[in-house]
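Quick notes on the structure that follows.
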Protein chains: 2
Amino acid sequence: MSAHKAQTTSGALKQAESLCSSRGTRLTEKRKQVLTGLLESQKALSAYELTAYCRNHLGSELPAMSVYRILEFLEGESLVHRLDLAKKYVACSHILCEHKHELPQFLICKACYKVQEISIKKSLIDSLNQSVEGASFRLASQQLEFDCFCEDCYE
Amino acid sequence: MSAHKAQTTSGALKQAESLCSSRGTRLTEKRKQVLTGLLESQKALSAYELTAYCRNHLGSELPAMSVYRILEFLEGESLVHRLDLAKKYVACSHILCEHKHELPQFLICKACYKVQEISIKKSLIDSLNQSVEGASFRLASQQLEFDCFCEDCYE
DNA sequence: AAACGTTATGTTATAGTATATCATCTTCTT
DNA sequence: AAGAAGATGATATACTATAACATAACGTTT
């Protein structure tokens, strides 16, 4: 149903590494670990859940403070998105895409933190922007997040 | 520019009190204090900011835990809205309105926490719902919140 | 008015998210 | 090999939030 193929962890890691090196930044071992955790997870994870992932699945101790810094780095490289509403983080689902990314919107399941990255029609975004500007405000980002329930978690 | 008159604190308090008594609940002194804080503020406040408000402006010590409980009560009475994105709270701007409230949407200034309560066109909400359902998700609430900048805080 | 149940508030403890600061260690460059 | 820049470790701390239990206020019944 999604518009692009699901990305494999190894493929995305490889692409992420070449992306970083083309920008003169480094995808270090620890950074790979955090990104791996997010790529392998089917849901959004918190910084502290990522330290647990590293400990339990990779046998690597990574303090939460380091995870926060690494997440900040990965977000700067557009490899990871921070979800304000959920206070959690997800891997960008378009790491493997060649084309320029449109701004994503996120549907976040309030119950299980499964996340779906969608692209809302431009016309919808435009009229939303109009409503907002009518109130003398401006959207801080076109990356919108919506609290949802996924189909497994409907009440 | 807004669709309804700005509500005065005293008027809203009176209306809130009669609303509560018609429902068999009580708008106690402490609850009035918290509601007053939100009505007087031009922006969203956190629970801890409300304890400070009570101490500094009303000379009343109100522990944060009580504020949380009171906010929960006020939200149940539809007198206050909790803003997940901002992790803060605002007074409903329609306490004085007679008519049934539509579900509100909130524009929250990321910089100063000024909040504008708007009503987005039903057609827009409908097509948003369609997009969301297309991804097999469902909006958890039609009360939407958007991170914005207000006109004073544009970069 | 006294006793009782209900509601409201106080108090303490604790969890989760997040940032700041300073120290140490790695890596790259010269 | 030395030094600078970048990355990570370690510690402290702030803010948001909830849980659990104790006490106080209020309302009703008798």
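Chain letters run A, B, ... following the sequence lines, proteins first and then strands; every chain starts at 1.
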Quiz prompt | Approximate separation, where rounding is to 0.5 Å, of S46(B) OG and L71(B) CG | solution =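 The CG atom of L71(B) is 9.5 Å from OG of S46(B), to the nearest 0.5 Å.
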Exercise. Check every strand shown and say whether R31(B) touches a base, only sugar-phosphate, or nothing at a heavy-atom separation below 4.0 Å.
Key: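 R31(B): backbone/sugar contact only, no base atoms under 4.0 Å.
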Please report, rounded to the nearest Å, how far the [atom2] atom of [N] is from the [atom1] atom of [X].
{"X": "I70(A)", "N": "dA18(C)", "atom1": "CD1", "atom2": "P", "result": "16 Å"}
{"X": "L27(A)", "N": "dA7(D)", "atom1": "CG", "atom2": "C1'", "result": "13 Å"}
{"X": "E72(A)", "N": "dA7(D)", "atom1": "CD", "atom2": "P", "result": "12 Å"}

Which nucleotide in the set [options] lies at the smallest distance from any side-chain heavy atom of [X]?
{"X": "K88(B)", "options": "dA18(C), dT16(D), dT9(C)", "value": "dT16(D)"}
{"X": "R26(B)", "options": "dG10(C), dG9(D), dT7(C)", "value": "dT7(C)"}
{"X": "Y68(B)", "options": "dT19(C), dA17(D), dT8(D)", "value": "dA17(D)"}

Quiz prompt | Y89(B) side chain near dT16(D) phosphate (N/O to OP1/OP2, under 4.0 Å) | solution =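 It does not, given that no N or O in the side chain of Y89(B) lies less than 4.0 Å from OP1 or OP2 of dT16(D).
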Quiz item: Is any side-chain nitrogen or oxygen of S66(A) closer than 4.0 Å to OP1 or OP2 of dG9(D)?
Solution: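 Looking at the OP1 and OP2 atoms of dG9(D), one of them is under 4.0 Å from a side-chain N or O of S66(A).
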Quiz item: Does the ring-ring contact (aromatic ring centres under 6.0 Å, His included) test come out yes or no for H81(A) and F106(A), once each step is laid out?
Solution: CA-CA 10 Å; H81(A) 301 289; F106(A) 296 98; 5.0 Å; yes
Quiz item: Where each residue is assigned the nucleotide of DNA chain D containing its nearest heavy atom, which of M65(B) and T25(A) is assigned the position nearer the 5′ end?
Solution: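 It is T25(A), whose closest nucleotide lies nearer the 5' terminus.
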Quiz item: So which one's nearest nucleotide on DNA chain D is more toward 5', P63(A) or D84(B)?
Solution: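 First, find each residue's nearest nucleotide; the 5'-ward one identifies P63(A).
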Exercise. Answer yes if L27(B) and I70(B) sit in the same cluster of Ile, Leu, Val, Met, Phe, Trp and Tyr residues linked by side chain heavy atoms under 4.5 Å apart, and no otherwise.
Key: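 The answer is yes; both residues are in one hydrophobic cluster.
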Self-check item: Salt-bridge criterion met for E17(B) and R26(B) (N-O under 4.0 Å)
Solution: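 The answer is no: the pair does not qualify as a salt bridge.
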Exercise. Not counting sequence neighbours, list each pair that qualifies as a side chain to side chain donor-acceptor pair (under 3.5 Å) and has a residue in residues 125-140 of chain A.
Key: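 Only K122(A)-D126(A) qualify under side chain to side chain donor-acceptor pair (under 3.5 Å).
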Quiz item: Side chains of H94(A) and E117(A): do they bring a donor and an acceptor to under 3.5 Å?
Solution: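 Their side chains do contain a donor-acceptor pair, which is all the 3.5 Å distance test asks for.
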Quiz item: Can you list the residues that meet the side-chain contact (heavy atoms from CB on, under 4.5 Å) rule with D152(B), with sequence neighbours excluded?
Solution: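 If we apply the side-chain contact (heavy atoms from CB on, under 4.5 Å) test to D152(B), skipping adjacent residues, the hits are K114(B), C150(B).
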Practice problem: Return the 5'-most residue of the pair K87(B), E29(B) with respect to DNA chain C, ranking by each residue's nearest nucleotide. | Solution: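 The residue mapped nearer the 5' terminus is E29(B).
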Quiz prompt | DNA chain C-proximal residues of residues 32-54 of chain A, any heavy atom under 4.0 Å | solution =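 Within this stretch, S46(A), Y48(A) sit under 4.0 Å of the strand.
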Self-check item: No-H, no-angle donor-acceptor pair, R69(A) side chain to dG9(D) base, under 3.5 Å
Solution: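 It does, because a donor-acceptor pair links the side chain of R69(A) to the base of dG9(D) below 3.5 Å.
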